[in-house]
Colleague: 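To start, I am sharing the structure in question, which I have written as structure tokens.
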Amino acid sequence: MKYTQLGRTGLKVSRLVLGTMNFGPQTNESDSHAIMDSALGAGLNFFDTANVYGWGENKGRTEEILGTWFAQGGGRRDKVVLATKMYGNMSADGEAWPNHDKLSAVNIRRAVDASLKRLQTDHIDLYQFHHVDRNTPFDEIWQAIDVLVQQGKILYAGSSNFSGYKIAQANEQAARRGSLGLVSEQCIYNLVERRAEMEVIPAAQEYGLGVIPWSPLHGGLLGGVIKKTTEGGRRASGRAADALADPATRAQLQAYEDLLDKHGLEPGEAALAWLLTRPGITGPIVGPRTAEQLDSALRALELELPEAVLTGLDEIFPGPGPSPEAFAW
């Protein structure tokens, strides 16, 4: 396993992040525990979840699965850098009851205590804001976070789905308070979706945040979707079906799969390996539903992409270019 520092912190994390969103909705508890054991056995120490995972009436279920896994002992909790997120409504009746969502000091306090209970732990290593809250000032947010740090309930704070200017706002306000501020940003970033390169990733690098890409295979599109649908005789659904219905997108994906096939590379592994070459990236989040998917993700760590492949990927999926040159002279 390869490790790196999380942004400007002294915290060492694996270059792959185990995403747990499928634990509960797609993968049962015992299989989820087995996947986590395999991940830890391979040296993967960075686990990501969120309070809303489990979804619908089962919100919180994923955190509970992690909690029962930690409760088995064996040094599991001590070896894991645990990250969770809060923002979404978690009221028991499922209605948008006031102060049960977003980033008010009231909800931050409520959410962290509930997550700690479900996770069966006394602290969260990385506590992340799942979305921007346009109605709560950062001074209030940092006041709440500083209290949690002083209480030992969390160690670091991170953002998710923030724009570049919000990262700047957040950390400038933290600096005025003498607080550490954001140390990571979790954003969508992959070969298909590269807009983060314009503002988000440069802002993260400037302020010392580690970037943690989610959806590294863009909902499965970069995992060889054309070959799988052709050879497997199954129909694509959801985002994949919509993408394949567009002739331009289908041609782009076909060129991608042809390039990797020419070099004897598996598409999903190559897409992860590409992210690991990008500046400012701590590690992509992989969300395996099965042990086999975890094994495939782990192989990406050892994959060295030839220069011809890197050049070809840029030609097929050109990035937006740096800001402001991407939209100015």
Side-chain angles (χ1 to χ4, degrees), residues 2 4 15-17 161 163-164 185-206 210-232 236-287 293 296-329:
K2 298 175 182 178
T4 188
R15 294 224 62 202
L16 283 182
V17 184
N161 305 306
S163 59
E185 160 60 17
Q186 189 178 132
C187 61
I188 185 169
Y189 182 44
N190 54 55
L191 279 162
V192 174
E193 178 52 82
R194 294 180 61 172
R195 286 177 292 177
E197 293 175 1
M198 289 181 66
E199 298 276 4
V200 174
I201 294 175
Q205 289 181 284
E206 187 73 21
V211 177
I212 308 167
W214 60 267
S215 195
L217 303 187
H218 207 63
L221 284 181
L222 295 169
V225 64
I226 295 178
K227 184 177 181 180
K228 289 177 179 177
T229 54
T230 301
E231 296 184 356
S237 60
R239 180 188 292 176
D242 293 340
L244 295 179
D246 176 59
T249 302
R250 187 181 183 93
Q252 190 180 39
L253 292 170
Q254 187 66 66
Y256 164 73
E257 293 186 23
D258 289 345
L259 171 68
L260 298 179
D261 185 60
K262 176 183 176 182
H263 289 269
L265 298 170
E266 290 295 324
E269 295 169 18
L272 290 174
W274 177 82
L275 279 170
L276 293 169
T277 70
R278 305 304 298 167
I281 301 303
T282 298
I285 298 173
V286 296
Q293 290 177 345
S296 175
L298 291 169
R299 287 195 292 272
L301 288 168
E302 305 303 324
L303 196 58
E304 295 286 341
L305 297 179
E307 193 62 36
V309 171
L310 292 172
T311 300
L313 292 174
D314 273 335
E315 291 172 352
I316 296 167
F317 302 108
S323 174
E325 290 83 358
F327 51 80
W329 55 269

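These values consider heavy atoms only, across backbone and side chains, with no hydrogens, waters or symmetry-generated copies. For this chain, numbers begin at 1 and follow the sequence in order.
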Colleague: What closest approach, in Å, do A271 and L217 show between heavy atoms, and which atom pair accounts for it?
Modeller: CB-CD2, 3.6 Å

Colleague: Taking Q252 for its side chain and I316 for its backbone only, find out whether a donor-acceptor pair lies under 3.5 Å.
Modeller: yes

Colleague: So, taking the atom named CG in L259 and the one named CD in Q254, what distance separates them when rounded to the nearest 0.5 Å?
Modeller: 11.5 Å

Colleague: Counting only N and O atoms by type, is there a donor-acceptor contact under 3.5 Å from the side chain of N190 to the main-chain atoms of S215?
Modeller: yes

Colleague: Assess whether a salt bridge exists between E197 and R195, defined as any Lys/Arg side-chain N lying under 4.0 Å from an Asp/Glu carboxylate O.
Modeller: no

Colleague: Taking the side chain as everything from C-beta on, heavy atoms only, tell me whether L265 gets closer than 4.5 Å to L305.
Modeller: yes

Colleague: Counting distance only, does the side-chain N/O of R15 pair as donor-acceptor with the main-chain N or O of I281 below 3.5 Å?
Modeller: yes

Colleague: Does E325, at its CD atom, have more than 12 non-hydrogen atoms belonging to other residues, nucleotides or ligands within less than 6.0 Å?
Modeller: yes

Colleague: Identify the two heavy atoms, one from P320 and one from A326, that lie closest to each other, and give their separation to 0.1 Å.
Modeller: O-CB, 3.0 Å

Colleague: When you measure from the side chain of Y256 to the backbone of L313, do you find a donor-acceptor pair of N or O atoms at a distance under 3.5 Å?
Modeller: no

Colleague: Please give me the minimum heavy-atom distance between V286 and A297, naming the atom from each residue.
Modeller: CG1-CB, 3.9 Å

Colleague: Kindly indicate whether the side chain of Q205, heavy atoms from C-beta on, has any atom under 4.5 Å from the side chain of I201.
Modeller: yes

Colleague: Are the side chains of P284 and V17 in contact, using a 4.5 Å heavy-atom criterion?
Modeller: no

Colleague: Please give me the minimum heavy-atom distance between P247 and A245, naming the atom from each residue.
Modeller: CD-O, 3.4 Å

Colleague: Answer yes or no: is there a side-chain heavy-atom contact under 4.5 Å between T229 and V225?
Modeller: yes

Colleague: Would you name the heavy atoms of T249 and A243 that are closest together and state the gap between them?
Modeller: CB-O, 3.4 Å

Colleague: Rounded to the nearest 0.5 Å, what separation is found between the CG atom of L222 and the CD atom of E269?
Modeller: 13.5 Å

Colleague: How far apart are the closest heavy atoms of P213 and G283, and which atoms are they?
Modeller: CD-O, 3.3 Å

Colleague: Check for me whether the distance between the ring centres of Y189 and W274 falls short of 6.0 Å.
Modeller: yes

Colleague: Can you tell me how far CG of L253 sits from CG of L191, rounded to the nearest 0.5 angstrom?
Modeller: 10.5 Å

Colleague: Flag the pair E257 and K227 as a salt bridge only when some basic side-chain nitrogen lies within less than 4.0 angstrom of an acidic carboxylate oxygen.
Modeller: no

Colleague: Considering only heavy atoms from C-beta outward, does the side chain of V211 approach that of R278 to under 4.5 Å?
Modeller: no

Colleague: Quick check: does any side chain N or O of T311 sit under 3.5 Å from a backbone N or O of A308, one acting as donor and the other as acceptor?
Modeller: no

Colleague: Under 4.5 Å between any side-chain heavy atoms of L260 and V309, yes or no?
Modeller: yes

Colleague: To the nearest 0.5 Å, what is the distance between NZ on K2 and CG on L16?
Modeller: 10.0 Å

Colleague: As an exercise, state the distance from CG of L303 to CG of L298, rounded to the nearest 0.5 Å.
Modeller: 13.0 Å

Colleague: Determine yes or no for a side-chain-to-main-chain donor-acceptor pair under 3.5 angstrom, with E185 supplying the side chain and N161 the backbone.
Modeller: yes

Colleague: CG of L310 to CD of E315: how many Å apart, nearest 0.5 Å?
Modeller: 11.0 Å

Colleague: Kindly say whether F317 contributes a backbone atom to a donor-acceptor pair with the side chain of R194 at under 3.5 angstrom?
Modeller: yes

Colleague: Do I226 and R250 come within less than 4.5 Å of each other through their side chains, counting heavy atoms only?
Modeller: yes

